[in-house]
K.L.:
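Below: one structure in structure tokens.
Whatever order the structure lists them in is the order used to number ligands and atoms, beginning at 1.
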Amino acid sequence: MVASGERRHVQRPRIWAVRAARLFDGYTVRPGRPLVLIDGSRIAGVDMTGAPPSADLHVLDLGDATLLPGLIDSHVHLAFDPDDKSKEAMAQEDARTTLARMRVHAGQQLRAGVTTVRDLGDRQFLAVSLRDHYTAGTEVGPEILAAGPPLTRTRGHCWFLGGEADGIAAVEAAVEERIARGVDVVKIMATGGVITPGWGPHQSQYTRDELAAVSRAAHAHGRPVTAHAHGREGMADAVAAGVDGIEHASFFTEDGVEPDWRTVAGVVEAGIFIGATEAWLPTGSMVAPHMAERVAQRSANFARMHREGARLVCCSDAGAGPRKPHGVLPHGIIQMGSLGLTNTEALASATTLAAQACGLADRKGRIAVGYDADLIAVADNPLHRLETLLDIRAVIRAGRVFQG
Ligand SMILES: [Zn+2]
């Protein structure tokens, strides 16, 4: 396990290298004793020749390990305590308390190999604050993309995060506020959810016109929109409204699951990313036990969506419940491998593809020259056995090393 905190961060020269037995570059595993040259926070070279490095180069040799791009979790809630069942209490919490918890959770993500998180719902734009705190560089944390408080109907799903907005004028104003506050992405609760009573997951919270207004307003500022959608209609409306991503994509009805494959065809045609929130611990109880069967059906639907060409991004919704602690993402990659994705595709769903979904494809999700030096090393070869992702040997974030 990787040690926590800045104390164990090892100081290295500006230019150094890391060596392992093999490397997953974001597309495939390449053998041959790769040597990855790191210059500051960027990757400066990838040498696959196996040749010995020059004698004066500082090399961190990780032995029989596989280097991978740092994992990207495109759906987390750093503010959520996974063990806290009544998240409404957050509405009364002071910002310092929330922020302190978020830092702990961000550290847990990093130690699990998740070097980038996209926070899809905070309070008071605290994920934006934490993003800027880490960017300043005095403390090492994962790179954060932040949505701020998700747009939701009055007393709708996750209202306690403070993003209530009803009607076209109000949602447009809410998007403008988020842009002014510096968000990276806009999140809207197209349907109800599991953790907020009052709005069931199958119920639409917004009309197609309201969703379209959100897409237009966000896109005018170059920001993507991702829509939380459990229900069939809500998902179809979000697709028609031109969102860039759909979270959950559950196709829940009032009492079951009924996928609409025409909507899936629309998702494929538009290139919309599906946030497959498939990461959870293998043991423990679900936040809502009656949902277990429906979640299993949803997993089967994801397998078919993948076969039909949908871009499934492995993510977690970390914080949402006790089986979704921060840093749970590797379990999701293992799960994706059991849904009919090849192990390579499963790895890509949390690296290359996740980087595309987050708009970071030019610097994250691959091990390549010019990319951010966000790397992890895992024992053995994850292409043979995805479970090796749970055996993290080192985490490198922006060129700084955390080692076990
Ligand atoms: Zn969520």
K.L.:
Tell me the protein N, O or S atoms under 2.8 Å from the Zn ion (ligand 1), in chain and number order.
P.N.:
H75 NE2, H77 NE2, D317 OD1
K.L.:
Any pair with a residue in residues 14-30 that passes salt bridge (charged side-chain N to carboxylate O under 4.0 Å, His left out), sequence neighbours left out, goes on the list, sorted by first then second residue, please.
P.N.:
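Checked against salt bridge (charged side-chain N to carboxylate O under 4.0 Å, His left out) - neighbours excluded - the pairs reaching residues 14-30 are R14-D39, R22-D64, D25-R30.
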K.L.:
Using the ring of each side chain (for Trp, its six-membered ring), is H326 parallel, tilted or perpendicular to H105, with breaks at 30° and 60°?
P.N.:
parallel
K.L.:
Between D374 (side chain only) and A398 (backbone N and O only), is there a donor and an acceptor less than 3.5 Å apart?
P.N.:
yes
K.L.:
Looking at R103, I'd like to know if its CZ atom is crowded, meaning that more than 12 non-hydrogen atoms belonging to other residues, nucleotides or ligands lie closer than 6.0 Å.
P.N.:
no
K.L.:
Who pairs with H248 by ring-ring contact (aromatic ring centres under 6.0 Å, His included), at least two apart in sequence or on another chain?
P.N.:
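Once residues adjacent in sequence are excluded, the partners of H248 under the ring-ring contact (aromatic ring centres under 6.0 Å, His included) criterion are H75, H228, H230.
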K.L.:
side-chain contact (heavy atoms from CB on, under 4.5 Å) with H202: which residues, sequence neighbours excluded?
P.N.:
E254
